[in-house]
Amino acid sequence: MPRTPALLRAERASRAAPSVKYDFHNIETKWQRHWEAERTFATPRQVDTSREKFYVLDMFPYPSGIGLHVGHPLGYIATDIIARFKRMTGCNVLHPMGFDAFGLPAEQFAVEHGVHPRITTERNIANMLAQLKRLGLSYDWDRALATTDPGYVRWTQWIFLQLYNSFLDPATDKATPIADLIAELESGARYISSGGELSRASFEGAVDWDGADTATRNAALSNVRLAYLAEVDVNWCPGLGTVLANEEVTNEGRSERGNFPVYRRPLKQWMLRITAYADRLERDLADVEWPEAIKAMQRNWIGRSRGARVQFELVGFSDVIEVYTTRPDTLFGATYMVLAPEHPLVDQLVTPEQRDQVYQYRSEVSGRSERDRMVDEKVKTGVPTGAFARNPVNGEEIPVWIADYVLMGYGTGAIMAVPAHDTRDFDFATQFGLPIREVVAPHDDVKSDEVFTGEGTARNSAGNVVLDGLQTVDAKKAVIEWLESHSLGRGETQYKLRDWLFSRQRYWGEPFPILHGEDGEIRALDESALPVPLPEMDDFSPTASDDPDAPPQPPLGRASDDWKQVEIDGRVYQRELNTMPNWAGSCWYYLRFIDPGNEAQLVDPELEAYWMDGGIDLYVGGAEHAVLHLLYARFWHKALFDLGHVTHPEPFRRLVNQGMIQAYAYRNERGIVVDSGQVVDQDGQPATEVQDQPDRRYSFDGERVSQEYGKMGKSLKNAVSPDDICEEYGCDTLRLYEMYLGPIEQSKPWNTRDIIGVHRFLRRVWRNFVDESGEILVSDDESSESLLRLSHKTIDRVTNDINRLSFNTAIAALIEMNSALVSEQRIPRVVAETFLKLLAPLAPHIAEELWALIGGDGALAFKEWPDVDASLIKDEQIKIAVQVNGKVRSTITVDVGASGEEVIALAREEENVARHVEGKSVRREIYVPGRIVNIVVA
RNA sequence: GCGAGAGUGGCGGAAUUGGUAGACGCGCUAGAUUUAGGAUCUAGUAGGGUAACACCUGUGGGGGUUCGAGUCCCCCCUCUCGUACCA
């Protein structure tokens with residue numbers, strides 16, 4: 001009796017307990033030690049550049065003391081699979097990892113425990129390194145770096161100096177050394193206007209360089225430097241004792257970290273002129289393969305809008321009010337104006353009768369937090385100033401109000417209000433009984449109750465310029481032209497993006513390479529003075545308080561004079577006491593990975609040109625950095641590009657955001673989150689084992705708890721440690737499980753219970769290759785045609801799947817192939833080798849071990865990825881729908897390669913069709929060359 | 001409001017360009033093995049219907065294009081994320 005697959009399987013299962021089983025612990029430690037000892041995945045500094053490169057990068061982690069949970073490695077596993085796959089396809093792969101090690105938590109921990117942040121940081125890095133290594137990730141650890149390394153800080157400071165010593169030349173739209181500008185100014189070729197804007201053409205209001213004193217010159221240069229010190233309204237967070245960037249403040253007006261209140265306050269701080277790059281940062285988004293959501297967030301944040309500046313003459317004053325509008329075509333519909341309450345003109349133009357009311361309103365508004373203002377958008381507040389302005393297009397006198405719906409921080413802090421075509425103005429006008437005048441008619445005649453804010457045909461435009469009948473686009477052009485020719489305004493592009501506040505009152509950050517002279521002189525250090533080290537101190541704590549008016553006190557102010565004071569050429573300077581934000585280090589780490597040991601240069605230009613050609617090929621990380629790291633890094637990269645230090649204008653060609661791992665969490669009756677690991681159901685089963693059963697009751701320490709669902713992490717106490725999973729199932733299982741969960745970009749639930757599925761797969765793989773007695777079940781016989789066909793179909797599927805990062809389907813393909821192998825007594829060598837190669841990127845340890853056991857040649861990690869034999873994977877038969885007079889009569893199955901005549905002959909045999917086909921001419925028409933084609937009987 | 005994405009079994013999810021919907025896994029049901037539990041193996045598992053087939057209905061809802069729609073087009077509903085008085 002022949003042994004059927006089922007019988008064979010039953011036979012195997014019934015034998016005694018296997019003596020040689022899948023011992024993942026030993027296998028995994030063995031190979032991880034081997035890779036480490038052999039430095040298997042180290043990419044040499046010089047590689048054969050005739051080969052294709054692949055730079056695959058993870059967003060490097062902050063080394064926190066808590067350690068990783070299973071959500072963290074999701075992206076790391078994905079990039080590791082790609083890295084391993086690309087090595088096997090013959091690419092030079094750069095796959096580095098490092099640590100973003102400056103920042104608040106290390107400092108806070110240091111303050112609480114009195115340990116130097118350097119020590120806690122090093123400890124945390126060591127812990128995290130061990131956790132990462134346990135996952136069998138094929139990083140080139142030789143290139144590992146921490147942003148806190150003095151050798152790294154040096155180049156972060158160096159880049160800051162590049163920014164400080166550059167300006168954006170409006171003629172070329174490129175960062176250019178400021179020395180070039182100075183040289184040109186000295187030769188009288190150019191001027192800097194008093195407004196700080198640089199122009200070759202317009203000398204209006206210019207400061208004459210020759211006639212200016214040093215302070216004026218420096219101030220003028222400061223107005224164009226990409227890094228500059230300025231007194232601006234900043235986000236001051238007394239609770240943290242530091243200022244924060246706009247991107248670090250929530251829309252509730254609190255700090256992203258710690259949730260302390262943040263106040264707007266004028267302070268003198270270091271700024272980076274990211275606004276100079278607003279246009280390019282937006283435009284170049286078109287050239288990168290990023291998720292649409294992230295691009296949209298960046299576009300939104302940059303907030304480019306096209307419009308016009310318009311001047312309104314104040315009645316009875318010599319001053320003008322300047323407004324910004326995106327709808328200059330509605331100028332005739334402006335029936336009043338609104339200034340932001342804190343607008344500087346308010347004091348001058350307010351009439352004596354209105355003064356009390358205006359000042360009272362002002363103090364009310366400034367006392368109100370941002371949040372209160374957003375309670376109900378429809379309710380608008382404001383008061384008239386008593387002043388009037390003149391509409392430039394028709395000379396009409398319209399009242400000037402102040403209201404808090406106009407923000408000082410955008411545009412000019414003043415608007416012309418067109419209630420007929422702007423919902424906010426409409427709400428305001430309705431509330432205060434101000435006139436509404438329609439000046440744009442919709443294209444269609446549909447009348448709606450809503451304000452018409454769309455584009456249409458201009459009307460009611462009697463005045464100094466006539467727009468009636470023009471479409472919105474043309475009307476805008478006409479108005480701008482008229483305004484410009486009468487010097488009453490000009491077309492302008494506005495951005496929501498503000499310059500980047502770049503200093504922090506912290507200890508654990510990069511010191512600025514900047515000195516302050518007694519007379520207010522700012523002196524940038526020479527490159528040779530880098531790195532500027534952090535001073536040794538005992539007390540690194542920030543000065544926090546509840547008082548919004550408390551002055552910022554950088555911890556470095558308490559450093560000894562040895563550090564604080566620097567003497568150069570007999571003059572004593574004070575060091576800059578602020579430090580850089582932790583974003584600084586992450587802005588360029590991907591460049592340093594290319595050449596981490598270089599002491600002479602940021603990165604070797606030739607190596608940079610090779611590895612950064614077209615940008616980083618794959619960058620994987622969380623979406624939370626959309627308008628922080630990802631925007632800052634692009635800005636630095638563009639500046640470095642302009643200055644010739646990098647060869648491609650965008651750092652990250654392809655970006656993928658991994659989803660979050662979610663899990664159930666439990667809260668007791670007092671609303672306190674309890675540790676999910678300790679929660680049991682009514683039968684005493686651990687909650688982690690019985691999820692998806694909504695009718696269960698859960699308890700913690702005898703107390704009833706309610707179930708909820710959310711992001712895995714510390715705050716919900718539902719973290720699962722990868723160490724535990726590796727211990728119980730092995731890291732190959734963990735890797736497969738995390739990838740098997742679903743698409744990488746999607747958020748998905750963690751269910752410890754489901755892990756067994758992929759673990760069973762690996763055990764079956766093992767048993768297919770290794771007999772219970774330890775015998776290797778691979779034969780040198782030729783493979784059967786069907787097995788060969790299956791293995792090539794699997795190659796095809798897995799290759800495509802990995803290429804499009806669809807790891808879950810790749811695993812499914814391997815599971816299917818493995819199930820087919822069960823029925824083989826011995827797997828033909830050619831099939832066995834193919835299978836292990838396909839498995840290698842996903843579950844590298846078991847694949848490598850089996851490769852060695854079957855006597856495979858060399859290291860599997862660098863074996864050539866198998867090619868598909870296309871002739872083996874074609875369909876053998878296709879279905880054909882036979883259509884008669886436009887209706888499908890039947891479907892027939894024919895062999896691939898059958899001739900048209902054969903197909904028609906077959907069709908004739910089909911009863912349904914035959915009588916229609918008899919005696920008629922038959923036309924063969926193939927609609928879709930897929931698995932089903934049609935023949936049409938005319 | 002605006003912007004982006006998503007709705008498929010009890011659950012996670014498959015289905016390159018329109019071509020046998022539900023791959024693969026979990027769970028569940030039955031059986032084998034086992035002192036028992038666990039583990040392992042076998043079969044089944046969208047819903048309705050049937051002794052079993054046949055058959056019918058099915059990818060949030062409603063229309064449309066097509067020989068053929070989860071996939072393409074139009075309208076609507078729901079959910080998630082981001083953003084918010086940006087003139």
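Proteins get letters first, then strands, A, B, ... in listed order; numbering begins at 1 in each. In this text the structure is predicted, and so the values were computed from the model without any measurement.
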Under a 3.5 Å distance rule, please check whether D796(A) uses its side chain to pair with a backbone N or O of H792(A) as donor and acceptor.
no
Salt bridge or not for E292(A) and R299(A), using N-O below 4.0 Å?
yes
Any side-chain to backbone donor/acceptor pair from R362(A) onto P341(A)? Under 3.5 Å, distance only.
yes
Closest to the E292(A) side chain: C41(B), C26(B), G5(B)?
G5(B)
A32(B): pairing nucleotide in any strand, Watson-Crick or G-U under 3.5 angstrom:
U40(B)
Sticking with atom P, work out how far U59(B) lies from A69(B), rounded to a whole angstrom.
11 Å
Which of A87(B), A23(B), C85(B) is nearest the side chain of T809(A)? It is A23(B)
Between S305(A) and Y410(A), does the side-chain hydrogen bond (donor to acceptor under 3.5 Å, both in side chains) criterion hold? Intermediate values first, please.
CA-CA 11 Å; S305(A) 75; Y410(A) 184 77; 3.2 Å; yes
P atom, U8(B) versus C2(B): distance in rounded Å?
25 Å
Taking 4.0 Å as the cut-off, does a side-chain nitrogen or oxygen of Y410(A) come that near to OP1 or OP2 on A87(B)?
yes
Side-chain contact test, heavy atoms from C-beta onward, threshold under 4.5 Å: evaluate it for L741(A) versus Q746(A) and give yes or no.
no
Separation of the P atoms in U16(B) and G1(B), to the nearest angstrom:
34 Å
What is the pairing partner of A84(B), taking Watson-Crick or G-U wobble pairs with both distances under 3.5 Å in any strand?
none
Closest-nucleotide ordering on RNA chain B, the 5'-leading residue of A296(A) and M408(A):
A296(A)
Supply the atom-to-atom distance K476(A) NZ to R306(A) CZ, rounded to the nearest 0.5 angstrom.
10.0 Å
What's the CG-C1' distance between L814(A) and A14(B), to the nearest Å?
15 Å
Now, which nucleotide makes the Watson-Crick or G-U wobble pair with G22(B), with each of the two distances under 3.5 Å?
none
Which nucleotide sits closest to the side chain of N300(A): A87(B), C41(B), U83(B)?
U83(B)
Name the nucleic acid region contacted by R299(A), choosing base, sugar-phosphate or nothing; use a 4.0 angstrom heavy-atom cut-off, strictly under.
nothing
Please confirm whether the shortest side-chain N or O distance from R797(A) to OP1 or OP2 of A23(B) is below 4.0 Å.
no
Can you check the distance between U66(B) and G61(B), where both ends of the measurement are the P atom (answer in whole Å)?
23 Å
Distance check needed: C26(B) P versus I811(A) CD1, whole Å only.
13 Å
Expressed as a whole number of Å, how far does the P atom of A39(B) sit from that of G62(B)?
44 Å
What is the distance, rounded to the nearest whole Å, between atom CD of E745(A) and atom C1' of A4(B)?
14 Å
Rounding to the closest angstrom, what is the interatomic distance between A23(B) and C11(B) at atom P?
15 Å
Provide, to the nearest angstrom, the distance between the OH atom belonging to Y740(A) and the C1' atom belonging to C26(B).
9 Å
Roughly how many Å is it from CD in Q746(A) to C1' in G5(B), rounded to a whole number?
10 Å
Spacing of the C1' atoms in U80(B) and C72(B) (rounded, Å):
25 Å
Would you say R760(A) reaches C26(B)'s phosphate, i.e. side-chain N/O to OP1/OP2 under 4.0 Å?
yes
Over how many whole Å does the gap from M817(A) atom CE to C24(B) atom P extend?
16 Å
Need to verify one output field. Residue with the more 5' nearest nucleotide on RNA chain B, W301(A) or I294(A)?
I294(A)
Applying a 4.0 Å non-hydrogen cut-off, can you work out what R764(A) is touching in the nucleic acid: base, sugar-phosphate, or nothing?
sugar-phosphate
Nearest-angstrom distance from the residue atom CD of E738(A) to C1' of C26(B):
16 Å
For A51(B), the nucleotide meeting Watson-Crick or G-U wobble distances (both under 3.5 Å) is none
Does any part of the side chain of F835(A), heavy atoms only, come nearer than 4.5 Å to the side chain of N818(A), both counted from C-beta?
yes
Indicate the ring-plane relationship of H629(A) and H625(A), choosing parallel, tilted or perpendicular according to the 30° and 60° boundaries.
perpendicular
Is the glycosidic torsion of G13(B) within 90° of 0, making it syn, or is it anti?
anti
Short side-chain N/O contact to A14(B) OP1/OP2 from N808(A), under 4.0 Å:
yes
Looking at G7(B), which nucleotide sits across from it as a Watson-Crick or G-U wobble partner, both distances under 3.5 angstrom, or is there none?
C77(B)
Looking for any heavy atom pair under 4.0 Å, which part of the strands does P291(A) touch: base, sugar-phosphate only, or nothing?
nothing
P-based separation of C26(B) from C41(B) [nearest Å]:
10 Å
Does A15(B) pair with anything, Watson-Crick or G-U wobble, both distances under 3.5 Å, and if so, with which nucleotide?
none
So which nucleotide does U45(B) pair with, by the Watson-Crick or G-U wobble rule with both distances under 3.5 Å?
G27(B)
It should be established whether R804(A) places a side-chain nitrogen or oxygen under 4.0 Å from OP1 or OP2 of nucleotide A15(B).
yes
C11(B) P sits how many Å from N751(A) CG, rounded?
13 Å
